[in-house]
A.B. asks: 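Below you will find the structure I want to go over with you.
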Amino acid sequence: MSADRREWPLYEVFVRGKRGLNHVHVGSLHAPDDTMALRHARDVYTRRNEGVSIWVVRADAITASSPDEKDPLFGPNGDKVYRHPTFYDIPDDVPHM
Amino acid sequence: MTTIPAEPDLQAAFDATIDRHDRIEPRDWMPDAYRKTLVRQIAQHAHSEIIGMQPEGNWIGRAPSLRRKAILLAKVQDEAGHGLYLYSACETLGVSRAELTELLLSGRQKYSSIFNYPTLSYADVGTIGWLVDGAAICNQVPLCRTSYGPYGRAMIRICKEESFHQRQGYELLMTMMRGTDEQRAMVQESVNRFWWPVLMMFGPPDAQSPNSAQSMAWGIKRNSNDELRQKFVDMTVPQAEALGVTLPDPGLRWNEERGHYDFGEPDWQEFAAVIRGDGPCNAQRLAHRRAAHEEGAWVREAATAFAAREAALRDSR
């Protein structure tokens with residue numbers, strides 16, 4: 001196997017669309033290092049002014065919840081309806097509520 | 001303690017997600033056949049974008065003005081970008097980029113038959129934008145709602161950009177149609193050559209497309225080949241009239257009863273031959289792709305070596 005057949009690491013790309021917005025995940029790419037990942041991200045994901053800032057993060061540095069554990073992980077807030085404003089009955093004629 | 005759910009439960013959860021028209025995400029359990037079908041379809045789609053750079057790339061050096069050259073460069077660059085979005089989506093299914101590249105270069109995976117036709121005149125750049133990208137849009141818009149999340153998200157990005165591709169092509173042809181008789185003849189000749197191969201882009205008729213039903217049940221495909229082909233013809237006829245060209249099909253006429261255009265049957269033997277590898281440019285397209293890959297090897301190797309040296313320097317500090 002020649003040297004170039006070794007896969008470059010996978011990076012996840014996040015773009016801030018404009019000032020005031022969060023960075024949002026837009027996709028992924030392979031690059032040999034962080035600097036090249038940023039350059040490739042510019043070319044692949046922001047050819048039309050889609051962003052004012054880019055983050056690239058190596059995919060293997062991300063810790064994610066497992067889809068199989070969805071119920072136990074998010075379960076604790078399932079029965080806490082009082083965390084939502086609609087839980088509370090306020091008469092319609094009370095202003096600014 | 002986490003227990004591993006039994007396969008029937010996993011299948012039921014998968015089916016329920018599909019039935020809700022919800023999306024399957026990379027780390028979800030999915031049937032092997034679903035994964036396999038997606039890998040094949042997304043890879044074929046990615047390869048098409050990459051090979052699709054060649055027919056138009058053929059004219060970059062001979063574009064008639066700086067404006068047209070800049071537009072064509074941007075368009076071909078977009079095709080590369082689309083290929084990369086799709087390869088990334090495909091890799092979330094557990095296949096590596098190196099494998100996908102190898103499958104294309106060895107000819108074991110296919111790409112769209114349309115890119116095996118040559119671009120003989122500059123008008124072909126316009127015709128490809130108008131008809132080939134128009135057909136691609138027809139195919140791709142419903143795929144934005146495909147059941148596999150990463151594929152749908154890639155399609156959304158691609159569809160946004162395809163609109164530029166189609167409009168630049170149509171505008172190019174409009175400009176030529178306002179030119180000399182010779183230029184108008186070039187446009188007509190180009191449309192005549194591309195019309196039938198473009199109709200083939202939607203795939204074989206539904207009755208001869210055995211995998212379609214399963215793909216539709218899985219929500220990978222949202223419309224049948226024949227439905228999309230009809231939709232494309234209905235959209236395109238008025239565009240051809242506005243442009244002032246004819247479409248080379250004596251059977252093409254409005255059917256009041258159906259509310260659609262009737263049209264003729266593409267030559268499915270020709271389609272089969274092109275898929276088999278016997279189209280006008282199959283060998284040339286793959287040879288060019290292989291050469292580009294090999295000639296780029298030193299760049300990939302240099303970047304890898306540079307990254308390794310920088311990492312070693314960092315570690316030693």
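Since this is a predicted model, take the numbers as computed values, not measurements. Order of the sequence lines sets the chain letters (A, B, ...), proteins ahead of strands, with each chain counted from 1.
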A.B. asks: Is a side-chain N or O of A:E7 found less than 3.5 angstrom from the main chain of B:S96, in a donor-acceptor match?
C.D. replies: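 No, because the side chain of A:E7 does not come within donor-acceptor range (under 3.5 Å) of the backbone of B:S96.
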A.B. asks: Determine all donor-acceptor pairs shorter than 3.5 Å in which one atom belongs to a side chain in residues 31-41 of chain A; sequence neighbours excluded.
C.D. replies:
| from | atom 1 | to | atom 2 | distance (Å) |
| --- | --- | --- | --- | --- |
| A:D33 | OD1 | A:T35 | N | 3.3 |
| A:D33 | OD1 | A:M36 | N | 2.8 |
| A:D34 | OD1 | A:Y11 | OH | 2.6 |

A.B. asks: Do B:K160 and A:R48 touch side chain to side chain, with heavy atoms closer than 4.5 Å?
C.D. replies: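 B:K160 vs A:R48: side chains apart.
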A.B. asks: In this structure, are over 12 heavy atoms from other groups packed under 6.0 Å from A:K18 atom NZ?
C.D. replies: no
A.B. asks: Assess whether atom NZ of B:K110 is packed by more than 12 heavy atoms of other residues, nucleotides or ligands within 6.0 Å.
C.D. replies: yes
A.B. asks: Take atom CG in A:N22; do more than 12 heavy atoms of anything else shown fall under 6.0 Å from it?
C.D. replies: no
A.B. asks: Go through it in stages, so that I can follow the logic: the residues are B:H82 and A:V44, the test is side-chain contact (heavy atoms from CB on, under 4.5 Å), and I'd like the CA-CA distance, side-chain angles, deciding distance and then a yes or no.
C.D. replies: CA-CA 8 Å; B:H82 296 177; A:V44 178; over 6 Å; no
A.B. asks: Heavy-atom count around A:N49 CG within 6.0 Å, excluding the residue itself: above 12?
C.D. replies: no
A.B. asks: Please list, chain by chain and in numerical order, all residues satisfying salt bridge (Lys or Arg N to Asp or Glu O under 4.0 Å) with B:E49, sequence neighbours excluded.
C.D. replies: none
A.B. asks: How long is the span from the CZ atom in B:R97 to the CG atom in A:L10, to the nearest 0.5 Å?
C.D. replies: 8.5 Å
A.B. asks: Kindly say whether A:Y45 contributes a backbone atom to a donor-acceptor pair with the side chain of B:R157 at under 3.5 angstrom?
C.D. replies: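 Yes: the side chain of B:R157 pairs with the backbone of A:Y45.
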A.B. asks: Run the numbers on A:H30 and B:E91 for side-chain contact (heavy atoms from CB on, under 4.5 Å), then give the verdict.
C.D. replies: CA-CA 11 Å; A:H30 290 277; B:E91 287 173 74; 2.3 Å; yes
A.B. asks: Within a 6.0 Å radius of atom CG on B:D32, are there more than 12 heavy atoms belonging to other residues, nucleotides or ligands?
C.D. replies: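 No, because the 6.0 Å sphere around CG of B:D32 holds 12 heavy atoms or fewer from other groups.
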A.B. asks: Please check this pair: side chain of B:Y87 against backbone of A:L29, looking for a donor-acceptor N/O pair closer than 3.5 Å.
C.D. replies: no
A.B. asks: For atom CZ of A:R47, is the number of surrounding heavy atoms from other residues, nucleotides or ligands below 6.0 Å larger than 12?
C.D. replies: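 Yes - once you tally the heavy atoms of other residues, nucleotides and ligands closer than 6.0 Å, there are more than 12.
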A.B. asks: Between A:S28 (side chain only) and B:S88 (backbone N and O only), is there a donor and an acceptor less than 3.5 Å apart?
C.D. replies: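 Checking the backbone N and O of B:S88 against the side chain of A:S28, no donor-acceptor pair under 3.5 Å is found.
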A.B. asks: Work out which heavy atom in B:T304 is nearest to a heavy atom in A:W8; give both atom names and the distance.
C.D. replies: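 Here B:T304 and A:W8 meet closest at OG1-NE1, 2.7 Å.
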A.B. asks: At a 4.5 Å cut-off on heavy atoms, which part of A:A64 comes close to chain B: side chain, backbone, both, or neither?
C.D. replies: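 Contact with chain B involves both backbone and side-chain atoms of A:A64.
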A.B. asks: Main chain of A:S65, side chain of B:R27: is a donor-acceptor contact present, judged purely on distance under 3.5 Å?
C.D. replies: yes
A.B. asks: Is it the backbone or the side chain of B:E310 that comes under 4.5 Å from a heavy atom of chain A, or both, or neither?
C.D. replies: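 For B:E310, there is no contact with chain A at all, as no heavy atom is under 4.5 Å.
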